[in-house]
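Notes to accompany the following structure.
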2 protein chains.
Amino acid sequence: MIILTQRDQSVLEAVITDYIETGEPVGSRTISKRSALNVSPATIRNVMADLEELGLLHQPHTSAGRIPTARGLRIYIDSIMQSKQLERQERDLIRDELRKRPRDVKDLLQRTSRFLSQYCRQAGVVLWPKLTVTRFKHIEFIRSGPQQVMVILISKDGLVHQTNIEWTEEITQRELDKYSSYVNELLQDLPISSVKERIREEMRSEKALFDKLVSRALEMARQAMHDSSLDDSEVYIEGQSNLLDNPEFADVARMRRLLHTFEDKSRIIRLLDVTLKASAGIQIILGTEDELQGLQEMSLISSPYGRGDRPLGVLGVIGPLRMDYSRIVPVVEFTARFISQILELADEN
Amino acid sequence: MIILTQRDQSVLEAVITDYIETGEPVGSRTISKRSALNVSPATIRNVMADLEELGLLHQPHTSAGRIPTARGLRIYIDSIMQSKQLERQERDLIRDELRKRPRDVKDLLQRTSRFLSQYCRQAGVVLWPKLTVTRFKHIEFIRSGPQQVMVILISKDGLVHQTNIEWTEEITQRELDKYSSYVNELLQDLPISSVKERIREEMRSEKALFDKLVSRALEMARQAMHDSSLDDSEVYIEGQSNLLDNPEFADVARMRRLLHTFEDKSRIIRLLDVTLKASAGIQIILGTEDELQGLQEMSLISSPYGRGDRPLGVLGVIGPLRMDYSRIVPVVEFTARFISQILELADEN
DNA sequence: TGGTAGCACTCAACCACATAGAGTGCTAGA
DNA sequence: TCTAGCACTCTATGTGGTTGAGTGCTACCA
């Protein structure tokens with residue numbers, strides 16, 4: 001555990017704030033002039049040397065100023081930084097932006113992602129709710145071939161999921177309708193995670209053993225819910241081009257690495273899944289080599305949305321390590337809360 | 001109309017092939033050695049000077065070689081280039097790639113886009129089928145609140161579309177089921193473009209005037225089909241990072257412009273719509289300033305897919321002007337044909 | 001003992017200048 | 001009509017010098 005004196009903290013904060021603003025290494029003179037503590041550059045230099053020894057600052061070359069390391073940022077974020085409060089008008093703006101034209105969930109989340117990217121001038125990211133955490137609302141079997149059935153599954157939150165299944169014998173739409181309505185009745189309001197279980201249970205019941213319709217309907221439902229893609233996650237990343245405006249991406253090689261990472265969504269999904277499972281409010285992950293390969297020098301501010309006890313997905317902002325955390329953190333926090341509200345409303349019915 | 005001698009054509013072709021390969025301006029000496037016509041560099045220089053005067057070649061500075069202009073490329077593509085035939089094994093590879101795991105349409109097209117990007121090492125692009133060009137298969141009204149109805153609309157090709165409508169009075173799922181089955185009967189197999197018309201017609205019929213259920217069902221269907229998003233297009237662009245590997249994007253400013261363009265999909269959609277409407281097989285658009293703003297120096301190779309008389313969407317490849325057209329054109333062509341086949345099969349039922 | 005002033009030192013960034021090499025245009029000759 | 005040769009142009013690359021920001025260290029002060 002690193003213990004910093006009040007002055008150390010002030011200097012660290014000053015370096016970081018200035019660095020976040022300018023993106024350039026910060027010299028001792030600048031800090032001496034800017035910061036509240038009235039000490040000379042030479043003194044600052046001593047403190048900075050100490051902070052460098054602790055691994056919180058870094059000097060690109062001997063005659064340059066300092067920039068914060070990931071470790072330095074970590075400490076700043078965890079114990080020094082004060083998140084700015086959102087102004088009322090800012091909150092209103094976010095609300096208006098997200099509330100307009102309440103179309104389907106997909107639209108809402110896509111727009112959220114776009115909004116986050118624009119408002120924070122970084123990349124906005126939203127992890128799509130997994131079906132498995134919502135509740136069953138409706139299923140529909142539709143004949144799409146002599147022995148082919150298209151299945152549409154709808155969750156309480158308004159998520160729509162689509163699969164195809166092959167059936168062993170020819171089947172009419174009329175029969176399928178009967179299956180649908182039976183299964184709908186049976187599974188109404190169940191958490192999707194326990195649907196499989198319920199079906200299996202029911203299949204063992206007396207009714208299923210003797211009633212051909214029931215047993216077939218159950219078999220079809222079983223196949224439909226067996227689909228592995230039920231558990232698939234999807235992720236929206238918007239505003240990647242905002243990242244390019246940061247001077248840290250003057251380097252083309254870096255850009256390329258980053259875009260590659262964004263295209264291979266699975267890695268991002270895995271990362272967001274961590275936040276989802278932690279589900280402990282806002283979370284900030286700094287891209288040191290070990291944690292997010294491919295996102296070195298990047299940083300992720302994210303928060304789960306949904307009910308506290310039942311998070312649906314994750315939303316947040318991806319940007320360079322040099323981001324204005326004190327501004328973006330409350331924006332992400334507020335957005336997550338607001339989206340949760342909207343979705344909860346839908347879920348009531 | 002520009003008339004070129006045989007030799008002019010050969011030189012133009014040689015410049016372009018070499019330029020496509022290396023990305024560097026091509027000098028007279030290189031061509032003299034490489035090309036089949038055995039003439040000295042000096043002669044080539046004369047020809048090149050002529051071609052430059054015609055606006056087909058361009059010289060970045062006096063002591064550099066030539067690069068083709070968009071106009072030069074146009075002529076090359078239209079009348080000089082011979083598309084390579086696809087090897088059997090290449091065709092098999094494409095087929096295997098696209099046929100595996102026949103999930104829903106979305107998945108298929110997304111994979112197609114990804115495949116095109118990987119195989120051509122450029123960005124792959126797919127314009128999603130518009131609902132309006134397919135035929136009606138199934139509609140489902142689902143209660144999502146006391147006065148709110150979620151509408152799921154499914155087309156023959158397996159496209160799923162979702163809307164919400166507000167209803168003026170409270171309504172039960174049971175009623176909604178009746179509406180669904182009535183509307184399904186009524187609209188079965190109609191082209192979606194004429195569905196609105198059909199509904200209006202039916203609303204004027206005697207039945208609708210006296211039967212409350214019918215009139216309400218029709219009203220609901222009308223509202224559902226009124227949704228402007230029916231006509232929305234969506235577009236998938238994959239493999240943007242491939243573009244970065246081209247040396248022409250060493251320039252960061254250019255990159256940024258390009259990414260911005262890709263994020264504002266509406267422009268791309270408008271562009272692809274042109275191809276869709278022309279529906280005349282493969283089409284190559286070169287990004288001279290006037291045609292595609294934001295895509296300067298880029299080029300689009302695209303082809304509609306679907307039936308000839310009823311194209312569903314467009315797929316293709318976006319890359320720099322310097323692309324291996326002779327290789328990519330047949331790939332796009334074959335892919336479009338193959339995807340059309342797959343979708344047509346689904347449409348039969 | 002902690003803070004400060006001063007000074008020598010380091011290093012990137014910038015500029016001016018020189019050089020090499022690729023490629024051209026032009027002219028004279030086959 | 002084509003080609004060989006030559007002078008010319010222009011970029012890319014490299015070199016050396018200068019500038020300025022910023023440091024570390026030491027000596028001094030309260």
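These numbers were taken from a predicted model, which means no experiment stands behind them. Residue numbers begin at 1 in each chain, while the letters A, B, ... track the order of the sequences.
A pairwise comparison of heavy atoms in Ser83(A) and Val329(A) identifies OG-CG1, 3.8 Å as the closest pair.
Among residues two or more places apart in sequence or in another chain, the ring-ring contact (aromatic ring centres under 6.0 Å, His included) test is passed with Phe262(A) by none. Qualifying ring-ring contact (aromatic ring centres under 6.0 Å, His included) partners for Tyr325(B), counting only residues two or more places apart in sequence or in other chains: none. Not counting sequence neighbours, Tyr76(B) has no partner by the ring-ring contact (aromatic ring centres under 6.0 Å, His included) test. Glu333(B) meets the salt bridge (Lys or Arg N to Asp or Glu O under 4.0 Å) test with no other residue; sequence neighbours excluded. Residues forming a ring-ring contact (aromatic ring centres under 6.0 Å, His included) with Tyr119(B) (at least two apart in sequence, or on another chain): Phe115(B). Applying the salt bridge (Lys or Arg N to Asp or Glu O under 4.0 Å) rule to Arg257(B) yields no partners; only residues at least two apart in sequence or on another chain are considered.
Remark: P of dC8(D) and NE2 of His61(B) are 19 Å apart, rounded to the nearest angstrom. Straight-line distance from the CD atom of Glu24(A) to the C1' atom of dA12(C): 12 Å, rounded to whole Å. The interatomic distance linking Asn38(B) (CG) with dT3(D) (C1') rounds to 14 Å, in whole Å.
Comparing Pro60(B) and Val39(B) along DNA chain D, the residue whose closest nucleotide (by nearest heavy atom) sits nearer the 5' end is Val39(B).
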- Task: Go along nucleotides 13-19 of chain C 5' to 3' and tag each nucleotide: B for a protein heavy atom under 4.0 Å from its base, S when only backbone or sugar atoms are that close, - otherwise.
- Result: -------
- Message: Protein within reach of the bases, or only the backbone? For nucleotides 22-30 of chain D, mark each nucleotide 5' to 3' as B, S or -, using heavy atoms under 4.0 Å.
- Response: SBB------
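Relative to the axis of its first five pairs, the axis of the last five pairs of the helix from dT1(C)-dA30(D) to dA30(C)-dT1(D) sits at 20°, rounded to 10 degrees.
Taking every side-chain heavy atom of Arg7(B) into account, dC2(D) is the closest of dT4(C), dC2(D), dC10(D).
Rounding to the nearest 0.5 Å gives a distance of 10.0 Å between CG of Leu321(A) and CG of Leu295(A).
Pairs passing the side chain to side chain donor-acceptor pair (under 3.5 Å) check and including a residue from residues 37-46 of chain A, sequence neighbours excluded, read Ser28(A)-Arg45(A), Ser40(A)-Thr43(A). Residue pairs meeting the salt bridge (charged side-chain N to carboxylate O under 4.0 Å, His left out) criterion with at least one member in residues 7-29 of chain B, sequence neighbours excluded: Asp18(B)-Arg34(B).
Between Ser40(B) and dC2(D) there is no side-chain N or O to OP1 or OP2 distance below 4.0 Å.
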For residues 60-71 of chain A, run the donor-acceptor check on the side chains, cut-off 3.5 Å, and write out each pair with its distance to 0.1 Å, sequence neighbours left out.
from	atom 1	to	atom 2	distance (Å)
Arg66(A)	NE	Glu52(A)	OE1	2.9
Arg66(A)	NH2	Glu52(A)	OE1	2.9
Thr69(A)	OG1	Gly55(A)	O	2.7
Thr69(A)	OG1	Leu56(A)	O	3.2
Thr69(A)	OG1	Arg71(A)	N	3.4
Thr69(A)	OG1	Gly72(A)	N	3.0
Arg71(A)	NH1	Leu54(A)	O	3.3

